[in-house]
Amino acid sequence: MISAVAEKASAGSGASFYNEAGRWDERLSWAYGLVADDPGERAAALTQSNSHRKTSDAHDRMHEAWRRRLPLDRNRAAGNYYEALRHSLPGALWDRPPGTDIAAWPGLPYALLYLEWEARYPHEWTQHAKAWGTKEHMIRALAVTHRDKSTRAKLADLIEIVVQRPYRCKDHEYVRVARAVDSDDLRGRLNTAARTDNPWARRHAGYILWLLDRPEVPHTRHVWRQWLTSECREQVLPDRPDGEPAEAAY
């Protein structure tokens, strides 16, 4: 979360962290390289990112200034930290104003990009910008009905990617999104995944399809385990990469 110090620095400068819709691309257009197919383009974006190092260094300098109790240094350090957040992922996504319609939020394309980066290149995301809480918060915020076709298509893409891989932290939140953007297209993709030789895809996609047909059934770990027992008892999923048993995924 953005610190209270950074919030005050932002207010004091007269700048709004969120109302600069036309300037998001100025700060973050480089981030589209993070999901590029070309390894060279992706490497260049990763070099420019270094989000953990930049924001962490600025954060440390801010706290050192507060420890020394020098007002001028504190304001300057807080402002630098605030700027580092604005130019980084996931920092730019933090503390979206409560009640803001995410469909109208200028940060929406970059929230989708952040999730696409995690979905397509999980190891790079983990190394450079891991923030499980931000991932969870963004997925939950996106689990609403979207009228924009491109946003719905992007969310369907993310669900299709995620169901075909071993479970990663907070992946279960995509069930909410699937229910929010349910469509013939999404069901077609999930049905295709459920018929593959990939055991993860068969289980994850099959479970989501089962839930889409039963909107009254809550998505919980207990429901997942019951479904796994009743529908798939004849086959066993491989354990997750983190050593947890497969049935713990959801």
Side-chain angles (χ1 to χ4, degrees), residues 21 24-52 55 85-94 96 101-183 185-186 188-190 192-193 198 200-201 204-205 208 241 249:
W24 277 76
D25 286 344
E26 292 180 25
R27 300 194 305 268
L28 292 168
S29 60
W30 59 266
Y32 285 99
L34 297 169
V35 294
D37 293 329
D38 178 60
E41 186 177 352
R42 201 162 65 251
L46 289 171
T47 298
Q48 185 166 351
S49 174
N50 289 321
S51 57
H52 276 318
T55 56
L85 289 176
R86 281 163 35 101
H87 288 79
S88 71
L89 287 178
L93 305 177
W94 292 351
R96 182 172 59 90
D101 179 4
I102 195 167
W105 182 46
L108 172 61
Y110 292 96
L112 292 170
L113 189 154
Y114 183 68
L115 294 176
E116 182 179 358
W117 183 19
E118 193 274 338
R120 294 188 182 278
Y121 303 103
H123 298 299
E124 293 176 2
W125 180 91
T126 299
Q127 180 180 359
H128 293 273
K130 180 180 72 174
W132 299 119
T134 303
K135 174 184 173 180
E136 178 182 44
H137 180 71
M138 289 295 103
I139 296 174
R140 288 190 173 190
L142 287 162
V144 296
T145 301
H146 292 272
R147 296 182 181 179
D148 180 67
K149 291 183 178 179
S150 63
T151 300
R152 293 177 66 90
K154 178 62 69 175
L155 292 171
D157 289 343
L158 290 173
I159 294 166
E160 184 178 20
I161 295 169
V162 167
V163 298
Q164 297 185 66
R165 70 180 184 186
Y167 180 85
R168 279 171 60 84
C169 185
K170 307 303 180 182
D171 277 357
H172 69 93
E173 297 291 349
Y174 278 105
V175 173
R176 300 172 183 260
V177 179
R179 282 178 151 169
V181 300
D182 187 10
S183 67
D185 173 63
L186 176 61
R189 298 186 194 207
L190 292 172
T192 298
N198 180 341
W200 291 103
H204 294 163
I208 293 177

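Shown here are the side chain to side chain donor-acceptor pair (under 3.5 Å) partners of Glu116, two or more places apart in sequence or in another chain: Arg120, Lys154. The salt bridge (Lys or Arg N to Asp or Glu O under 4.0 Å) test applied to Glu136 returns Arg140, Lys170, not counting sequence neighbours. For Thr145, there are no side chain to side chain donor-acceptor pair (under 3.5 Å) partners two or more places apart in sequence or in a different chain. With sequence neighbours excluded, the residues forming a side chain to side chain donor-acceptor pair (under 3.5 Å) with Asp148 are Ser150, Thr151, listed by chain and number. With sequence neighbours left out, the side chain to side chain donor-acceptor pair (under 3.5 Å) criterion links Tyr174 to no other residue.
When every heavy atom of Tyr32 is checked against every heavy atom of Pro109, the shortest pair comes out as OH-CB, 3.6 Å. Taking both residues in full, the closest heavy atoms of Ala178 and Leu186 are given as O-CD2, 3.7 Å, listed atom of the first, atom of the second, then distance. The two residues Leu89 and Leu93 have their closest heavy-atom pair at CD2-CG, 4.0 Å. Residues Ser88 and Leu28 come closest through the heavy atom pair N-CD2, 3.9 Å. Shown here for Trp117 and Ala129, the closest heavy-atom pair between the two residues is CZ3-CB, 3.5 Å. The shortest heavy-atom contact between Ala45 and Gly33 is CB-C, 3.6 Å.
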Stepwise side chain to side chain contact (heavy atoms under 4.5 Å, CB included) test for Arg189 and Asp157: CA-CA 9 Å; Arg189 298 186 194 207; Asp157 289 343; 2.5 Å; yes

Residues Leu115, Leu142; criterion side chain to side chain contact (heavy atoms under 4.5 Å, CB included); working and verdict: CA-CA 11 Å; Leu115 294 176; Leu142 287 162; 3.5 Å; yes

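Distance check, rounded to the nearest 0.5 Å: CD of Glu160 to CG of Leu155 gives 13.0 Å. Between Thr134 atom OG1 and Glu118 atom CD the span is 12.0 Å, to the nearest 0.5 Å. Interatomic distance, OG of Ser29 versus CH2 of Trp24, reported as 13.0 Å (0.5 Å rounding).
Here the side chains of Ile102 and His146 are in contact, with some heavy-atom distance below 4.5 Å. You'll find the side chain of Ile159 reaches within 4.5 Å of the side chain of Leu190, heavy atoms only. Using a 4.5 Å heavy-atom cutoff, the side chains of Tyr121 and Trp125 are not in contact. Two residues are said to be in side-chain contact when any heavy atoms from C-beta on lie closer than 4.5 Å; Arg165 and Trp200 fail this criterion.
Donor-acceptor pairing under 3.5 Å is recorded for the side chains of Tyr110 and Asp25.
Lys135 has a carboxylate O that lies under 4.0 Å from a charged side-chain N of Asp171, or vice versa, which qualifies the two as a salt bridge. The existence of a salt bridge linking Glu173 and Arg168 is excluded, since no basic side-chain nitrogen approaches an acidic carboxylate oxygen closer than 4.0 Å.
For residues 28-45, the salt bridge (Lys or Arg N to Asp or Glu O under 4.0 Å) pairs, not counting sequence neighbours, are Arg42-Glu124.
Aromatic ring orientation, Tyr167 versus His204: perpendicular (interplanar angle above 60°, classes split at 30° and 60°).
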